[in-house]
Amino acid sequence: LRDADYRPNALALLFSRLPANLPVPVVVVQHMPPEFTPHLADRLARESNLPVAEARAGAALVPGEAWIAPGGRHTVVHAAGPTPTLRLTDDAPVNSCRPSADILFRSVREVYGGRGLVVVMTGMGEDGLAGARDLKAAGCSVLAQDEASSVVWGMAGAVAGAGLAEAVLPPEELGDEIARRVRRGRR
């Protein structure tokens, strides 16, 4: 692939490498306007082995399913009985973002403790840095996209620069690494 073709498809490349029997749920925050996130979910569903949909309030987080945070709304993981669910909020933007990775990451820590795996990919700013730091302190694994494959190495670069990322890889290798780690308990 040419460099210009490669970068905008980072999330699709990662998703194409996730197996259908992934033993964990996936929740993605993508900084996009509300009118684009349903299309992103549809595209990823076509190019992935996993079912992918735009997050909706009350959706159960079950292994092998992926959810994309709707543009303009925070998506949080909520402990509701034996199976965590998703909640959507209209709280104020964090890091000038709604949805915010930091908001999602904090909720993952509250519900899953040190059993999470966080991946920070290409994007402007430092959204995700504080949440990745909290998750790492709780015992979670943190991965980041490499600079060469990133359109903007702001978010992933901040996480890597803070020494939080255990691996810094291109998107397709991130997909393989996620699959490997969740099958082995993230280690």
Side-chain angles (χ1 to χ4, degrees), residues 11-12 14-121 123 127-143 155 159 174-175 178-179 181-186:
L11 199 53
L14 182 148
F15 264 75
S16 73
R17 302 300 279 260
L18 298 177
N21 61 350
L22 193 71
V24 297
V26 176
V27 182
V28 174
V29 165
Q30 176 73 41
H31 300 148
M32 293 181 115
E35 58 272 14
F36 293 113
T37 50
H39 301 291
L40 174 64
D42 290 344
R43 176 181 173 215
L44 291 175
R46 286 190 309 273
E47 297 178 13
S48 173
N49 297 310
L50 303 174
V52 182
E54 187 175 45
R56 63 181 189 279
L61 286 179
V62 296
E65 292 184 0
W67 300 98
I68 307 299
R73 303 201 69 196
H74 293 303
T75 298
V76 297
V77 178
H78 177 68
T83 304
T85 61
L86 294 176
R87 283 189 10 205
L88 305 178
T89 76
D90 296 316
D91 293 344
V94 172
N95 302 311
S96 301
C97 300
R98 190 173 60 205
S100 166
D102 280 336
I103 294 291
L104 174 63
F105 292 171
R106 286 185 198 122
S107 72
V108 168
R109 181 179 179 181
E110 290 172 13
V111 173
Y112 292 104
R115 297 177 297 130
L117 171 62
V118 62
V119 179
V120 180
M121 298 181 71
D127 186 35
L129 176 60
R133 187 175 283 121
D134 289 345
L135 284 166
K136 182 78 171 183
C140 295
S141 292
V142 177
L143 306 174
M155 293 172 60
V159 168
L174 283 170
I178 291 166
R181 285 176 181 250
V182 297
R183 285 201 176 109
R184 292 178 151 183
R186 295 182 333 275

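What's counted below: heavy atoms across the whole structure, side chains too, no hydrogens, waters or symmetry copies. Numbering of residues begins at 1 and proceeds along the displayed sequence.
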If the condition is side chain to side chain contact (heavy atoms under 4.5 Å, CB included), which residues does [X] pass it with, not counting sequence neighbours?
| X | value |
| --- | --- |
| Asn49 | Ala20 |
| Asn21 | Pro19, Arg183 |
| Pro84 | Leu61, Val77, Val111, Tyr112 |
| Ala55 | Trp67, Pro70, Thr75, Leu86, Leu88 |

>> Side chains of Glu65 and Pro25, heavy atoms from C-beta outward: is any pair under 4.5 Å?
In response: no
>> Between Leu40 and Met32, is there a side-chain heavy-atom distance shorter than 4.5 Å?
In response: yes
Among pairs that include at least one residue of [range], which meet salt bridge (Lys or Arg N to Asp or Glu O under 4.0 Å), considering only residues two or more places apart or in two chains?
| range | answer |
| --- | --- |
| residues 18-27 | none |
| residues 72-82 | Arg73-Asp90 |
| residues 23-32 | none |

Quick one: list whatever passes salt bridge (charged side-chain N to carboxylate O under 4.0 Å, His left out) with [X], sequence neighbours left out.
| X | answer |
| --- | --- |
| Glu110 | none |
| Arg98 | none |
| Arg17 | Asp176 |

When rounded to the nearest 0.5 angstrom, what distance separates [atom1] in [X] from [atom2] in [Y]?
| X | Y | atom1 | atom2 | value |
| --- | --- | --- | --- | --- |
| Leu117 | Leu143 | CG | CG | 5.0 Å |
| Glu47 | Asp42 | CD | CG | 11.0 Å |
| His74 | Asp91 | NE2 | CG | 5.5 Å |

> Which is it for Leu14 and Met121 under the side-chain contact (heavy atoms from CB on, under 4.5 Å) test, yes or no, and what are the steps along the way?
Replying inline: CA-CA 10 Å; Leu14 182 148; Met121 298 181 71; 3.7 Å; yes
> Val29 and side-chain contact (heavy atoms from CB on, under 4.5 Å): which partner among Ile68, Val120, Leu104, Asp102?
Replying inline: Leu104
>> For the backbone of Cys97 and the side chain of Ser100, can you confirm whether one donor and one acceptor N or O come within less than 3.5 Å of each other?
In response: no
Shortest non-hydrogen contact between [X] and [Y], atoms and distance:
| X | Y | value |
| --- | --- | --- |
| Ala132 | Val142 | O-CG2, 3.9 Å |
| Arg109 | Asp134 | NH1-O, 3.4 Å |
| Gly113 | Cys140 | O-SG, 3.2 Å |
| Gly72 | Pro99 | N-CD, 3.7 Å |
| Ala66 | Phe15 | CB-CE2, 3.6 Å |
| Ala53 | Ala41 | C-CB, 3.7 Å |

> Can you pull the side chain to side chain donor-acceptor pair (under 3.5 Å) pairs that have at least one residue in residues 27-39, sequence neighbours excluded?
Replying inline: His31-Asp127, Thr37-Glu54
